[in-house]
Structure formats: C-alpha cells, structure tokens
Amino acid sequence: MRMSKLVGRRIKEDPKDSVTPSHKLLVRGGYIRMVSTGIYSLLPMAKRIITKIENIIREEMNSIEGQEVLLPVALPAELWEESGRYDSVGDELLRFEDRSGKKMLLGMTHEEAVVHLVRTEVSSYKQLPIMVYQIQTKYRDEARPRAGLIRVREFTMKDGYSFHDSQESLDEYYKKAHEAYVRIFDRIGMKDVISIESNSGMMGGSLSHEFMAIAECGEDTLFVSPDGTYRANREIACADIKFTKEDECELEKVHTPEKKSIEDVSEFLKLKPENTGKVVFYVDIVGNLIVAMIRGDFEVNESKLKNHLGLNSLEFADDELIKAVGAEPGYASPMAINSDKVKIIIDRSVAESSNLVVGANEKDYHYKNFNIGRDLKDVSFEVVDIATVRNGDPCPKTGEPLQEKRGIEVGNIFQLGTKYSEAMGCNFLNQNGKAQPMIMGCYGIGVGRAMASVVEQSHDKWGPIWPMAIAPYHVHICALNPKKEGVKDAAEKLYLEMMNENIEVLYDDRGEKAGPMFSEADLIGIPLRIIISPKTVPENKVEFKIRGEKDSVLIEQDAIIDKVKDIIKGD
RNA sequence: CGGGGUGUAGCGCAGCUUGGUAGCGCGCCUGCUUUGGGAGCAGGAAGUCGUAGGUUCAAAUCCUAUCACCCCGACCA
C-alpha cells in the first residue's frame with residue numbers, strides 16, 4: 001500500500017477528552033474515527049488488524065469443531081419474549097418497531113437466535129455435541145461508552161454456543177474452549193491476559209470464566225494470588241481472613257453525639273475501624289428490606305450479596321424505610337430490629353469478631369462490646385461472606401496476600417445449562433426416545449476490544465507496537481529524500497519485490513522530511529521498518545529497524561527480503 | 001439516572017466578562033528554497049460561531065429553550 005493513497009491521516013494532537021493510550025493512539029494513528037457516542041468507523045489499517053484477529057479466532061474455533069454461521073442482527077421481539085429476556089433486560093437492549101408496528105430488537109447477544117436455529121436443525125443425541133459460532137456486529141445501548149474501543153455501543157463479537165446431551169459433555173467441551181481461548185490470545189500477541197472465575201450475571205448458568213487483559217484502564221477489578229493459582233473477579237472474590245475471638249465484655253451504651261460514620265465513631269472512641277460493625281440497608285425491586293452487617297474496616301460487596309439472595313438489583317434504602325423497622329440511620333444495629341419484616345445478613349467478619357462498637361438504634365448513642373452470639377439471640381439472621389476483598393487480604397487457596405489488578409474483559413466463557421433450551425423448547429431425543437433440554441455453553445470474544453487491549457499492553461509514547469501476527473502490515477518502507485539519485489527507484493523496486501513475495505508492506509512514497517516520516521511511522525506502529533535514503537543507496541544497502549528497538553542496522557539490499565521473511569515466519 | 005464540563009474552519013483552541021469587520025496554531029492547496037526525528041519564505045481555499053426562539057439599530061458575545069458530546073459515579077451478557 002502506498003501511503004500517499006492510504007485513507008486515514010495521522011493526527012499530531014491527542015483527541016479532545018481522550019484518556020487511555022489505546023483511544024489516543026488508535027485515533028491519532030488513523031485507525032478509528034468516532035461517528036457518534038460509542039460508535040466508531042474502522043479505517044483501512046484497523047480493518048486489516050480486525051480481519052487478522054478474526055481469522056485467528058476462526059482457526060481456533062474451527063479446531064474445536066466450531067461451525068461458523070451468521071445469525072441476524074435485527075430480531076423479532078417474540079424470540080426474546082420466549083426466553084423472558086425481552087422484559088428482564090434493561091435499556092441496553094435497543095427495541096424498535098418495524099413499519100407494521102411489529103416489535104423488533106437489535107441483537108446484543110444471540111442465545112435466542114441460536115436456539116431458534118438449533119431446535120429445528122438438531123433433534124437427536126447422535127448429533128450432539130455441536131458448537132456453532134459467528135463473528136458479527138452486536139448492538140448494546142450502553143449507558144456510558146468510554147475509552148475509545150474499550151466500551152462501545154456497536155462492536156464486532158465472536159460468539160459461540162455449544163449444545164450437549166450431558167453435563168459431562170459440557171464440562172469436557174468447556175475445558176477445550178478454555179484452551180482454545182488461551183491459544184487465541186497468545187497468537188494475537190496479547191502479553192498479559194489471564195482467565196478468572198467470574199460472576200454469571202444476567203446470562204444465568206453456573207460456571208463462568210472471564211479472560212482479562214491486564215491494563216491500567218481496565219474496568220474490572222480482580223484479585224490474583226502471587227503464584228497465580230487463585231484468580232477471581234472482585235464481584236465474587238473471597239479472602240481467607242483469620243478472625244480472633246476475645247473474652248466477651250459487658251454491653252455498654254455510650255454517648256456518641258453526631259458521630260455517624262465509622263471514621264467518626266472510631267476516632268471519637270479511640271478505637272480502630274475493625275473494632276466496629278456497620279450496617280447497610282438495601283431494598284430489593286419489590287420493596288423488601290435487607291439489612292447487611294459487616295465489620296467497620298470492610299465494604300459490603302453488593303454482587304456477592306445479590307448472588308446470595310438471588311436478586312438482580314439492590315438499592316440503598318432511604319431513611320423512612322430504615323426507621324419503619326425500628327432502626328436509626330447512622331446509629332443502626334440489627335439488635336431490636338423486627339426480623340420478621342427484614343432479612344438480616346451478617347458477614348463472617350462480624351460473626352467471628354468480638355466486642356464491636358455498633359449503633360444503639362437511638363440517635364447519638366452506640367453500644368460497645370457487641371457480640372453476635374449473646375446480643376443477637378432473639379433475631380433470625382444468616383452468616384454469609386459478603387465482604388469485598390481488599391488488596392493484600394489472604395488468598396483462600398494459598399494464604400498469600402492477594403494482589404489487586406485491573407483488567408479489560410476481552411473474552412468470556414459460560415456454562416449456561418438449560419436456561420434457554422428449557423424456556424424455548426430446544427430439546428433432543430435421548431437413547432430412550434425421550435425429549436430432554438439441551439445443555440448449553442456460550443463463548444464470547446470482543447474483537448475490537450481485543451485490538452484496543454493489545455495497544456494498551458504494547459505501546460510506547462510514540463505509538464502502538466503491533467505484534468507481527470495482527471500488524472496491519474509487516475513492513476514499512478520509508479523512502480527518504482526520494483528526489484535524490486536512485487532513492488525512488490530503489491524504494492519502488494523493493495516495494496514491488498516484497499509484494500511479489502506476499503510480504504505485506506506499507507510504502508511511504510510521499511517524500512516527507514525525515515522528522516514527520518519517522519514520527520508517523522512510529523504512530524502507525526508497523527513492526528519492521530526499512531529506510532531507503534541517499535546515504536545507503538550508493539552502497540546497495542538499506543537501514544532496517546524493528547519497532548520498539550532503539551537502533552537500526554545496515555543490510556545489503558539483496559539480503560533484506562530473506563531477512564524480513566525469516567522474521568515474519570519466526571514471530 | 002445523579003454530579004461536573006464543553007460545543008467557534010478538518011484537528012486543537014482564543015474571542016464572550018464590557019454586544020459593533022470571526023481570529024490563532026496545526027493540517028490542506030500553489031510556487032520557490034530545504035531534506036536523518038514534526039523546516040523557511042510568499043501566496044491561497046476553508047467557519048450560517050451546536051440548534052431554535054427572544055432582546056437590540058446591531059448577537060459568537062445578553063436571555064430562554066433544546067440538542068449533542070466529554071469526564072466522574074450508578075448501571076453493564
């Protein structure tokens with residue numbers, strides 16, 4: 001490709017309001033352009049990268065017997081009504097009507113569509129297991145797109161769905177899919193990606209893993225043990241904290257005027273936050289009150305609480321509701337709360353500690369020396385781990401301090417079970433001729449997000465450093481001073497020879513000065529650079545430089561093609 | 001959905017307080033000089049100042065409404 005004709009200009013300045021490296025560099029390098037919030041056009045070089053990522057994914061999916069299909073983007077609402085998700089999914093599902101008033105939607109995920117396909121095409125245990133996948137546009141009406149391609153409304157996703165006649169079959173395939181994912185991210189050239197246990201969320205089902213590209217700008221927080229054996233999303237992560245019981249002291253009421261927060265109370269009483277207990281009030285969607293109690297030095301993990309209660313949403317309760325059950329906001333404790341009306345969940349940290357300071361359910365008063373076994377005898381409650389793990393808390397597997405990291409979710413795999421097949425009648429006949437719902441797994445990868453994640457992990461201050469496997473071009477030829485004797489001829493000749501050898505080459509034929517030409521080459525980030533200039537043409541040599549390395553080397557013109565081919569092959 | 005902020009040339013911005021010829025840098029076009037890490041000179045094209053009302057002799061500037069976008073939070077298969 002001649003750079004003089006390449007669509008996609010380089011931009012010197014960072015785009016307004018961009019924050020993350022991948023956003024800045026992909027825009028500045030002429031890879032992506034925003035059309036509307038969270039909606040981007042991919043320019044030719046980005047399209048080349050995306051195609052390469054897709055092909056790697058395709059090869060690996062095919063290697064685990066995946067069959068590629070293409071399901072519709074626009075779907076009838078009735079399909080989603082069958083699964084129940086037309087109503088249960090929020091505003092991120094874009095709903096609309098066609099000309100006749102028929103309810104439609106844009107697919108944000110394709111369980112319904114794939115079940116529609118498989119339930120009519122597959123009917124016998126003899127055909128199972130199968131996996132179908134597609135690489136296709138998804139639309140999600142995200143509340144807040146951000147960070148360039150990291151969170152967008154319209155994006156390309158590989159989504160695969162497997163169908164099984166038994167849990168064992170799903171387990172076996174799930175493992176193979178996990179291995180395929182590891183290979184995919186390795187081949188794409190992502191440097192630091194780990195799979196973690198994750199929360200299944202609205203997808204339903206049980207076992208799930210997220211593949212996280214470790215990056216500063218990641219939206220998820222995860223905890224990893226130093227040896228890597230424990231890896232979990234903060235939404236579900238647990239820590240094995242050893243609490244110690246002490247001798248119980250007398251319950252003592254103390255005056256704590258205007259001291260509502262844990263900080264204020266512990267400072268006022270000259271205690272540490274871990275000597276206190278705090279109470280958080282939630283309401284579920286139908287208005288039931290939930291009282292969560294945790295030691296003052298921890299935070300309630302709402303997703304763990306939701307998972308325990310089997311709820312999709314929880315909100316903080318307002319003061320009216322809190323007072324209605326006999327508690328005093330700011331001075332609340334589960335003592336004397338009417339436990340018929342509310343569900344009381346107590347974290348381990350409270351159950352296994354002694355002599356805590358808790359509210360007295362009376363303005364400006366707290367109790368010292370609260371002990372759950374003695375002071376909560378008349379109240380029914382459950383003890384559950386609802387604590388948010390903190391950096392350095394002991395790992396539940398190894399006991400070593402957990403490390404907190406940020407990650408971009410670039411892929412995930414779920415065991416869906418029979419949630420969709422049961423709701424939508426996706427059955428097969430077993431060996432006894434009896435109908436049974438198929439057991440499903442699903443497997444997603446965000447393609448554009450993967451590209452952005454590679455940039456997050458592989459760039460310097462001048463631009464991206466593309467891994468060879470997905471680089472838009474292998475080689476960038478810079479013809480410096482092409483008007484001088486022989487330079488243009490040598491560059492053109494090399495360009496054509498490389499094309500003949502099927503080397504993917506971008507050729508800067510514009511005659512720019514060295515400064516702009518090199519800066520733009522860095523900003524584009526192609527792995528290999530060849531500089532042809534009046535300095536080296538008379539000696540029949542070229543300069544050769546690897547992106548990300550500091551110095552260039554001189555190489556005979558005759559030898560450069562073989563050299564380049566070796567590097568491309570070896571990478 | 002809550003809080004904060006921004007809309008002026010392709011990009012980045014100034015001008016607005018105190019109304020009076022729409023500006024700067026980069027980029028783009030032409031010519032000459034220059035050519036190893038973002039060159040110089042000369043000339044040129046390009047903006048209904050987000051949109052709609054209003055006030056005024058006169059509005060980018062004042063008033064009202066509205067839309068779009070960004071950041072933080074809530075939410076997020």
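Naming convention: chains lettered A, B, ... in sequence-line order (proteins, then strands); numbering from 1 in each chain.
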Chemist: Using 4.0 Å as the upper bound for N to carboxylate O, is an ion pair formed by Asp509(A) and Lys5(A)?
Modeler: no

Chemist: Less than 4.0 Å between a side-chain N and a carboxylate O, is that true for Glu492(A) and Arg2(A)?
Modeler: yes

Chemist: Can you check whether Thr37(A) has a side-chain N or O nearer than 4.0 Å to OP1 or OP2 of rC69(B)?
Modeler: yes

Chemist: In whole angstrom, give me the gap between the P atoms of rA59(B) and rA52(B).
Modeler: 14 Å

Chemist: So what does Met34(A) touch, heavy atoms closer than 4.0 Å: a base, only the sugar-phosphate, or nothing?
Modeler: sugar-phosphate

Chemist: Nearest whole Å is fine: how far is rC1(B) C1' from Asp141(A) CG?
Modeler: 14 Å

Chemist: Nearest whole Å is fine: how far is rG38(B) C1' from Phe518(A) CZ?
Modeler: 12 Å

Chemist: Can you find a donor-acceptor N/O pair under 3.5 angstrom joining the side chain of Arg146(A) to the base of rC70(B)?
Modeler: no

Chemist: Of all the choices, rG12(B), rG38(B), rC75(B), which nucleotide is nearest to the side chain of Leu523(A) once you look at every atom?
Modeler: rG38(B)

Chemist: Under 3.5 Å, is there any donor-acceptor pair linking the side chain of Asp522(A) to the base of rG37(B)?
Modeler: yes

Chemist: Both distances under 3.5 Å, Watson-Crick or G-U wobble: report the partner of rG7(B), or none.
Modeler: rC67(B)

Chemist: rG27(B) phosphate, OP1 or OP2: any side-chain N/O from Arg9(A) under 4.0 angstrom?
Modeler: no

Chemist: Without decimals, in angstroms, what is the distance between Lys24(A) NZ and rC70(B) P?
Modeler: 16 Å

Chemist: Regarding rG38(B), can its base be found pairing with the side chain of Glu512(A) as donor and acceptor, where the two atoms are less than 3.5 Å apart?
Modeler: no

Chemist: Checking all strands, does Glu409(A) fall into the base, sugar-phosphate, or nothing category for heavy-atom contacts under 4.0 angstrom?
Modeler: nothing

Chemist: Please state the C1' separation for the pair rG2(B) and rC13(B) - nearest whole angstrom.
Modeler: 30 Å

Chemist: When we call it a touch if two heavy atoms are under 4.0 Å apart, what does Phe155(A) touch: a base, just sugar-phosphate, or nothing?
Modeler: base

